[in-house]
Amino acid sequence: MALGEDGMAARHSEDTTIHAETMLSVVVPTYNESKNIHEMVNRLDAALKGILWELIFVDDGSPDGTADIVRAIAREDRRVRLISRHNRRGLASAVIEGALAASADIVAVMDGDLQHDESVLPDMYRQVRDGEADLVSASRFLLADGAKGLSSAKRAAISNNGIKLSNLIFKLDMTDPLTGFFVVRRDVVRRALPDLSELGFKVLMDLIVSARPRPRVVEVPFRFRERKHGASKLDNRVMYEFFLFFIEKRISSILPLPARFISFAFINSIGILVHLAVLFPALLLLGNRGAGDGFVSAQLVATFVAMGFNYTVNNLVTYSDRQLRGAKFYFGFLVFATLCSVGILGNVGVASVLHEDYPTLSVFIPAVAGALITVVWNYVATNAFVWGRAKYPSIMVRRRASLKHAGDQQAA
Ligand code: GDD
Ligand code: MN
């Protein structure tokens with residue numbers, strides 16, 4: 001029974017058959033898109049006549065109730081499904097999880113804010129189905145006015161430089177490797193899985209460079225529309241993730257460090273500068289009379305400020321997808337500070353043992369070894385117990401539940 005053929009009518013009929021032969025799974029990541037969902041479903045329904053499709057929304061607990069709207073539609077139209085993720089954020093991982101949950105062999109990925117023109121979907125689908133390409137992406141830069149929907153000159157410039165950089169670094173030849181609109185064979189996604197980055201807004205590029213053999217890519221033009229409702233989530237934090245993504249991909253063949261570790265280590269090295277920047281004024285203030293109390297107090301203050309800096313900035317950028325807010329933020333800092341103190345003890349311990357046992361060695365080596373022990377310990381321990389799925393005492397969780405709403409709305 002071809003539901004797609006009589007489109008709109010079918011949505012309102014009693015037919016809730018699950019179609020074994022779904023041909024195209026459309027994956028739509030959403031965060032605060034409540035005003036766009038109905039229109040999105042209607043437009044796809046109209047555009048995909050003659051194709052058996054399913055539509056999978058992947059929502060990350062949008063505070064504006066996007067998930068409820070999807071669920072209400074899904075109750076009446078079994079082609080529409082919801083994946084609702086808890087305590088997580090991230091466009092790239094949402095897309096990947098949606099694609100993995102797809103029933104069709106061919107997956108389309110598009111934004112849920114109506115900026116992507118659904119009328120080009122059937123042609124993209126056809127090219128993948130007929131084996132003309134493994135991946136067809138829709139480019140904003142093949143038509144003279146295709147990218148008008150970019151909200152500002154700044155966004156356009158970011159896009160432009162991002163494209164040049166991506167093509168250069170990954171030896172691609174695409175007019176729009178950063179687009180979020182593409183159709184791909186599901187097995188390309190599966191083949192890319194082991195090498196996909198945890199981070200990144202740029203899932204298309206990651207798929208292309210991670211899948212082996214590299215998929216054959218074809219670009220088609222489309223006009224990027226302006227956003228009517230809601231706001232873009234592409235901000236400076238995303239740019240930073242982009243930067244980490246490049247580093248991770250480039251060095252992963254030599255040194256397989258996760259992007260998160262790179263970010264953590266990078267921020268902590270800025271933390272050392274913060275420490276020094278606080279220490280010297282504090283010494284002047286508290287008085288540095290020999291090795292007296294002044295030094296100890298100044299050192300304590302500087303350590304505390306540096307820890308606060310490391311914690312806050314890592315929470316904002318390294319763990320932007322698992323950000324702790326409200327009461328959890330403060331509790332997390334307590335755990336963070338405790339774990340990092342253990343890290344400092346480890347540092348001093350390792351460095352002094354090395355220095356005593358190998359007195360002829362330059363002091364540089366024990367110092368670096370100690371610092372390495374600290375950063376690795378701090379990363380592993382806080383990754384697991386601060387930003388991991390750590391269980392906080394129930395009193396913290398209950399308080400957080402009431403604070404969460406306010407926090408999320410501020411962030412949105
Ligand atoms: N589940 C989930 N989780 N969805 C998200 C998240 C998230 O953390 N962040 C954004 N989204 C959803 C949005 O709701 C929207 O449907 C889609 O992902 C794109 O997000 P926008 O915030 O509208 O991105 P944009 O329009 O600024 O960026 C678009 O253009 C970029 C190139 O300039 C996207 O298509 C990007 O993928 C693309 O790289
Ligand atoms: Mn958008």
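Read the numbers this way: they start at 1 and go in the same order the structure lists the ligands and their atoms. None of the values given here were measured: they were computed from a predicted structure.
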Determine whether the side chain, the backbone, both or neither of [X] has a heavy atom under 4.0 Å from any heavy atom of ligand 1.
X      : result
Met205 : neither
Arg85  : neither
Val58  : backbone

Hey, what's the ring geometry for Phe336 with Phe333, parallel, tilted or perpendicular (30° and 60° as the breaks)?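 If you compare the ring of Phe336 with that of Phe333, the planes turn out parallel.
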Mind telling me whether Trp387 and Tyr319 have parallel, tilted or perpendicular rings, with 30° and 60° as the class edges? parallel
Looking at Asp187 and Arg191, is any side-chain nitrogen of the basic one under 4.0 Å from a carboxylate oxygen of the acidic one?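 Looking at Arg191 and Asp187, the cut-off is met.
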Is any side-chain N of the basic residue among Arg185 and Asp105 closer than 4.0 Å to the acidic one's carboxylate O? no
Between Asp145 and the options Arg223, Arg140, Arg225, the salt bridge (Lys or Arg N to Asp or Glu O under 4.0 Å) test singles out Arg223
What atoms of ligand 1 come closer than 4.0 angstrom to any heavy atom of [X]?
X      : result
Arg89  : 7 (C), 8 (O), 9 (N)
His116 : 35 (O)
Arg227 : 21 (P), 22 (O), 23 (O)
Gly112 : 15 (C), 16 (O)

Kindly confirm or rule out a cation-pi arrangement of Arg89 over Tyr31, judged by NZ or CZ under 6.0 Å from the six-membered ring centre and within 45° of its axis? yes
Taking atom types as modelled, find out whether [X] and [Y] have a side-chain donor-acceptor pair closer than 3.5 angstrom.
X      : Y      : value
Thr179 : Ser137 : no
His229 : Glu33  : no
Asp195 : Ser210 : no

When you measure from the side chain of Asp130 to the backbone N and O of Glu132, does any donor-acceptor pair fall under 3.5 Å?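 Looks like no, no N/O pair under 3.5 Å.
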Would you mind finding which of Gly162, Ser232, Ala94 brings a heavy atom closest to atom 25 (P) of ligand 1? Ser232
Using a plain distance cutoff, I'd like to know if [X] has any nitrogen or oxygen under 3.5 Å from a nitrogen or oxygen of ligand 1.
X      : value
Asp60  : yes
Gly90  : yes
Ala231 : no
Asp59  : no
Thr179 : no

Met110 versus Met40: any side-chain heavy-atom pair under 4.5 Å?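 Contact flag for Met110/Met40 side chains = yes.
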Between Asp59 and Arg85, is there a side-chain heavy-atom distance shorter than 4.5 Å?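 Arg85 does not reach Asp59 side chain to side chain.
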By the definition side chain to side chain donor-acceptor pair (under 3.5 Å), identify the one residue from Glu248, Lys249, Arg260 that meets it with Ser197. Glu248
Please confirm whether Arg140 comes under 4.0 Å of ligand 1, counting heavy atoms of the residue only.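 Yes; Arg140 lies near enough to ligand 1 that a heavy-atom distance drops under 4.0 Å.
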Short of 2.8 Å from the Mn ion (ligand 2), name each protein N/O/S atom, waters not counted.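 Correct list: Asp113 OD2, Gln115 OE1.
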